[in-house]
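The figures that follow rest on heavy atoms only: side chains count, while hydrogens, waters and symmetry mates do not.
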Amino acid sequence: VKTERWAAAVPKAYRFKAEGLEASKDCIYHLKHGEYAEADESLAATVAAMNGMWDLSDEVPVDLIKEQLNDLGQEVAETIIVYLLYPAITGDMGKAIENLKRLPMPSSEANEWKICLTVQHWLAGLLDAITELAKMMQDIMIEDSSIDHEAMFMRMRMVALAIYDLLEKFEAQNTRMLNNSHRRGQG
């Protein structure tokens with residue numbers, strides 16, 4: 001009976017992960033190109049894939065679902081953080097700071113997306129978001145020769161301060177030990 005259930009659920013888990021990863025990349029692509037309605041749709045698809053994966057968590061073997069959830073959760077956290085902080089790159093720091101109030105905190109579904117991200121998802125996604133935001137800023141500086149480099153530096157600094165504030169908020173909320181060793185050889 002378990003084997004039959006797994007045979008039906010495991011492909012769904014892989015599909016949710018693939019859909020979530022693709023939608024995540026689409027969201028970032030659309031943000032870079034100023035296509036905000038499409039970015040909203042892609043973000044919603046990313047979150048829907050994660051919620052679908054959570055719904056499968058009792059149907060798929062524990063080691064497999066844990067790996068799939070970790071990979072997709074990290075990507076979802078990255079996408080949400082990039083989406084919320086992107087206005088800082090375009091020069092709208094007020095909007096970015098306001099957006100941070102919408103950020104899902106680890107192990108809490110008290111957010112507009114009703115998404116639950118573990119501590120590991122959240123921290124790994126935050127690190128990926130920092131890298132992605134830096135690449136986005138670099139692209140703007142390369143593509144737009146009229147960009148004010150000092151203004152861009154200040155935007156980068158403000159993003160760094162916003163992320164520091166996020167980590168302070170996180171530190172105040174989570175006091176348990178972190179265990180990032182969800183796969184053999186990683187930790």
Item to complete: Please examine the side chains of Ile65 and Ser57, heavy atoms only from C-beta on, and report whether any two atoms are closer than 4.5 Å.
Response: yes
Worksheet item: Is any side-chain heavy atom of Ile130 closer than 4.5 Å to a side-chain heavy atom of Ile81?
Response: no
Worksheet item: So do the side chains of Ile80 and Thr46 get within less than 4.5 Å of each other, counting heavy atoms only?
Response: no
Discussion item. Does Lys12, at its NZ atom, have more than 12 non-hydrogen atoms belonging to other residues, nucleotides or ligands within less than 6.0 Å?
Written reply: no
Worksheet item: Are side-chain heavy atoms of Gln74 and Glu78 found at a separation under 4.5 Å?
Response: no
Discussion item. Within a 6.0 Å radius of atom CZ on Arg157, are there more than 12 heavy atoms belonging to other residues, nucleotides or ligands?
Written reply: no
Discussion item. Can you confirm whether Asp26 sits close enough to Glu38 that some side-chain heavy atom of one is under 4.5 Å from a side-chain heavy atom of the other?
Written reply: no
Practice prompt. Might you point out which heavy atoms bring Phe16 and Leu72 nearest each other, and give the distance in Å?
Written response: O-CD2, 3.9 Å
Worksheet item: Which distance, rounded to the nearest 0.5 Å, do you find between the CD of Gln138 and the CD1 of Ile89?
Response: 11.5 Å
Worksheet item: Any side-chain heavy atom of Val10 within less than 4.5 Å of one from Glu59?
Response: no
Worksheet item: Applying the side-chain contact (heavy atoms from CB on, under 4.5 Å) test to Trp113, which of Val76, Val47, Asn51 qualifies?
Response: Val47
Worksheet item: If you take all heavy atoms of Ala77 and Gly125, which pair is closest and at what distance?
Response: CB-CA, 3.8 Å
Practice prompt. Look up atom CG in Leu84 and atom NZ in Lys101, then write down how far apart they are to the nearest 0.5 Å.
Written response: 13.0 Å
Discussion item. With rounding to the nearest 0.5 angstrom, report the CZ to CG distance, Arg15 to Leu56.
Written reply: 8.5 Å
Worksheet item: According to a 4.5 Å side-chain heavy-atom criterion applied to Ile, Leu, Val, Met, Phe, Trp and Tyr, with indirect links allowed, do Val60 and Leu21 form part of one hydrophobic cluster?
Response: no
Worksheet item: Is a side-chain donor-acceptor pair under 3.5 Å present for Asn70 with Gln120?
Response: no
Discussion item. Side chains of Asn99 and Tyr86: any donor to acceptor distance under 3.5 Å?
Written reply: no
Practice prompt. State, with a plain yes or no, whether a side-chain heavy atom of Met50 is found less than 4.5 Å away from one of Lys17.
Written response: no
Discussion item. For the backbone of Gly20 and the side chain of Ser24, can you confirm whether one donor and one acceptor N or O come within less than 3.5 Å of each other?
Written reply: no
Discussion item. Tell me whether Lys25 is salt-bridged to Glu75, with the criterion being a basic N under 4.0 Å from an acidic carboxylate O.
Written reply: yes
Fill in: Distance-only polar pair, side chains of Glu35 and His30, donor-acceptor under 3.5 Å
yes
Practice prompt. Flag yes if Tyr14 and Leu69 sit in one hydrophobic cluster, no otherwise; membership is Ile, Leu, Val, Met, Phe, Trp, Tyr, and two members link when side-chain heavy atoms are under 4.5 Å apart.
Written response: yes
Worksheet item: Does CD in Glu150 sit with more than 12 non-hydrogen atoms of other residues, nucleotides or ligands closer than 6.0 Å?
Response: no
Discussion item. Taking the basic N atoms (NZ, or NE/NH1/NH2) and the acidic carboxylate oxygens, is any pair closer than 4.0 Å for Glu98 and Lys95?
Written reply: no
Worksheet entry | Smallest separation among heavy atoms of Cys27 and Ala39, with atom names | SG-O, 3.5 Å
Fill in: Side-chain touch Arg102/Asn111, heavy atoms, less than 4.5 angstrom
no
Worksheet item: Please walk me through it: do Met136 and Ile140 pass side chain to side chain contact (heavy atoms under 4.5 Å, CB included)?
Response: CA-CA 6 Å; Met136 293 168 113; Ile140 290 171; 5.5 Å; no
Fill in: Distance-minimising heavy-atom pair for Tyr83 and Leu31
CA-CD1, 3.8 Å
Worksheet, complete the sentence: Taking every heavy atom of Ser107 against every heavy atom of Cys116, the minimum-distance pair comes out as CA-SG, 4.0 Å
Item to complete: Measure across Leu117 and Gly73 and return the closest heavy-atom pair with its distance rounded to 0.1 Å.
Response: CD2-O, 3.8 Å
Discussion item. Between Trp122 and Pro104 (side chain of the first, backbone of the second, donor and acceptor by atom type, cut-off under 3.5 Å), is there such a pair?
Written reply: yes
